[in-house]
Amino acid sequence: MNFSSRITGVGSFVPKNIFTNHDLEKMMDTSDEWIQQRTGIVERRWVDQGTSTSDLAVEASIEAIKNAGIDKSEIDMIVFATLSPDHDFPGSGCFLQAKLGIPEIPAIDIRQQCTGFIYAMSIADKFIKSGSHKNILVVGAEVHSKGLDRTPEGRNVGVLFGDGAGAVVMSQCSVSDSSKDSHFINAHLHCDGSYAKELWLPAPGTGFDEPDRMNQKMLDEKLHYPYMNGKTVFVHAVKRMSESLSRLCAEQGVTIDDIDLFLFHQANLRINSKIAEMMNIPEEKVFNTIQKYGNTTAATIPLGMNDAIKEGKLKPGMLVASAAFGSGFTWASALYRF
Ligand code: UT7
């Protein structure tokens, strides 16, 4: 028997605290004008101190499971993408599993940063296609705010990132008419580790010539905050996202006109506009959320998916394309009929 997977439920959650660019002007040497012109971001959500990544994921997951119309006991695996886990180990999927109260099912953490959600969907799709699993909870969640340098020195990265969570349930299905029936079509996953240090969080880590994973020297050098070579990342993001999506479309015999909605990663409005221009995608088909959430890395695509549903822009039967790029460098594209 041939199995396929499809998205049966979507959920998302963002913390209530809104930080506008003007709020950030009070913390860092930055301006609303600079942030909006360079990135498109107007505001982002940041958690209060009692909230963890898996806490945000719980809320998104409950909504996704409810919208899938199943009981949580029918979930048979969790795939959790995050770069800001509750703790170094165990993975945040373990914490989420306990909080949801669905013991014994496997939980896999994915560490592919901004590309994490597409990797996670692709892995869930493969498990479902193998016939071993039926309803997989796929989550992307981040609490960036607790890991950002929010002092004047941190403005390069600190203004870009926001907190949030998104989740989908991917369930087994059969497809009789692939031009109409909802299903996950395919994803292309990529990585080039030679660029790992262009966007990374060095410490804590074993990759130092030091006896400990973390020490005062690393703290003094601020190695526990993310570093990004923004210009290099920008150029590679535009090239790799468009290249990956073009190849996937060619493989599937899909044209840009066939695609109803583009749900891209949200790192910079200018990246997505450039990709739209290069690929001749009408701007109105690209659904952007960066203005209100900033870059929420692995949470971005499912968060956008749920907003698009709520705004009536994503409807059953639509052909959707996603692409993402991030630390690793990793990048990916996916095509799915919603
Ligand atoms: O999701 C993961 C993938 N991430 C991305 O795809 C991000 C890709 N990169 C970008 O989006 C852009 O490179 C940034 C938005 C990060 C930066 O934009 P940019 O146009 O590349 O600016 P820049 O880094 O070249 O900085 C230009 C100037 C610098 O000042 P000088 O050297 O020209 O005097 C920076 O110091 O802007 C300064 N600057 C700021 N000014 C005000 C940097 N950050 C800020 C800030 N506020 N927050």
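Read the numbers this way: they start at 1 and go in the same order the structure lists the ligands and their atoms. Numbering starts at 1 and runs along the sequence shown.
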- Query: Salt bridge or not for Glu74 and Lys134, using N-O below 4.0 Å?
  - Reply: no
- So which heavy atom in the protein is nearest atom 4 (N) of ligand 1, and how far is it from that ligand atom? Val233 CG1, 3.5 Å
- Message: To check your reading of the model: name the closest protein heavy atom to atom 11 (O) of ligand 1, its residue, and the distance in Å.
- Response: Asn268 ND2, 2.7 Å
- Message: Within ligand 1, which atoms have a heavy atom of Val159 less than 4.0 Å away?
- Response: 48 (N)
- Item | Protein residue, atom and distance nearest to atom 39 (N) of ligand 1, heavy-atom basis | Trp34 CZ2, 3.4 Å
- Check each atom of ligand 1 against the heavy atoms of Met228 and keep those under 4.0 Å away; list them by number with element. 4 (N), 7 (C), 16 (C)
- Indicate yes or no: does an N/O atom of Gly230 lie under 3.5 Å from an N/O atom of ligand 1? yes
- atom 47 (N) of ligand 1 sits nearest the protein heavy atom Thr30 OG1, 2.7 Å
- Item | Close approach, Gln266 and ligand 1, non-hydrogen under 4.0 angstrom | no
- Query: So is Val157 in contact with ligand 1, going by heavy-atom distances below 4.0 Å?
  - Reply: no
- For atom 24 (O) of ligand 1, the protein heavy atom that lies nearest, with its residue and separation: Lys231 NZ, 4.8 Å
- Before signing off on this row, confirm whether Thr297 and ligand 1 have an N or O atom pair separated by under 3.5 Å. no
- Thinking salt bridges, do Asp163 and Arg44 make one under a 4.0 Å N-O criterion? no
- Message: At less than 4.0 angstrom from any non-hydrogen atom of His265, what atoms of ligand 1 do you find?
- Response: 1 (O)
- Atoms in ligand 1 with a heavy atom of Leu199 nearer than 4.0 Å: 2 (C), 3 (C)
- Side chain, backbone, both or neither: Ile35 near ligand 1, heavy atoms under 4.0 Å: neither
- Answer yes when Lys292 and Asp307 have at least one side-chain N-carboxylate O distance shorter than 4.0 Å, and no when they do not. yes
- Query: What atoms of ligand 1 come closer than 4.0 angstrom to any heavy atom of Thr39?
  - Reply: 15 (C)
- Query: When you check the gap from the basic side-chain N to the acidic O, do Lys285 and Asp260 get nearer than 4.0 Å?
  - Reply: no
- Task: Return yes when Gln113 approaches ligand 1 closer than 4.0 angstrom through a heavy atom, no otherwise.
- Result: no
- What is the nearest protein non-hydrogen atom to atom 1 (O) of ligand 1, stated with its residue, atom name and distance? Asn295 ND2, 2.6 Å
- Quick one: nearest non-hydrogen protein atom to atom 2 (C) of ligand 1, plus distance? Cys114 SG, 3.1 Å
- The atoms of ligand 1 lying under 4.0 Å from a heavy atom of Arg270, numbered in the order shown, are 18 (O), 20 (O)
- Message: Ring centres under 6.0 Å, that's the criterion: do Tyr195 and His236 meet it?
- Response: yes
- Task: Can you pull out the closest protein heavy atom to atom 30 (O) of ligand 1? Residue, atom name and distance to 0.1 Å, please.
- Result: Arg155 NH2, 4.4 Å
- Check whether more than 12 heavy atoms from other residues, nucleotides or ligands sit under 6.0 Å from atom NZ of Lys197, and answer yes or no. no
- Message: If you compare all heavy atoms of Thr289 against all heavy atoms of Gly304, which two are closest, and at what distance to 0.1 Å?
- Response: CG2-CA, 4.0 Å
- Start with the C-alpha distance between Ile128 and Gln172, add both sets of side-chain angles, then the distance that settles side-chain contact (heavy atoms from CB on, under 4.5 Å), and finish with yes or no. CA-CA 6 Å; Ile128 290 171; Gln172 196 182 81; 3.9 Å; yes
- Item | Lys/Arg N to Asp/Glu carboxylate O, Glu63 vs Lys310, below 4.0 Å | yes
- Looking at Arg38, His236, Met241, Met28, the heavy atom closest to atom 22 (O) of ligand 1 belongs to Arg38
- Item | Near-ring test His265/Phe117, centroid separation under 6.0 angstrom | no
- Item | Any side-chain donor near an acceptor of the partner, Glu33 and Asn21, under 3.5 Å | no
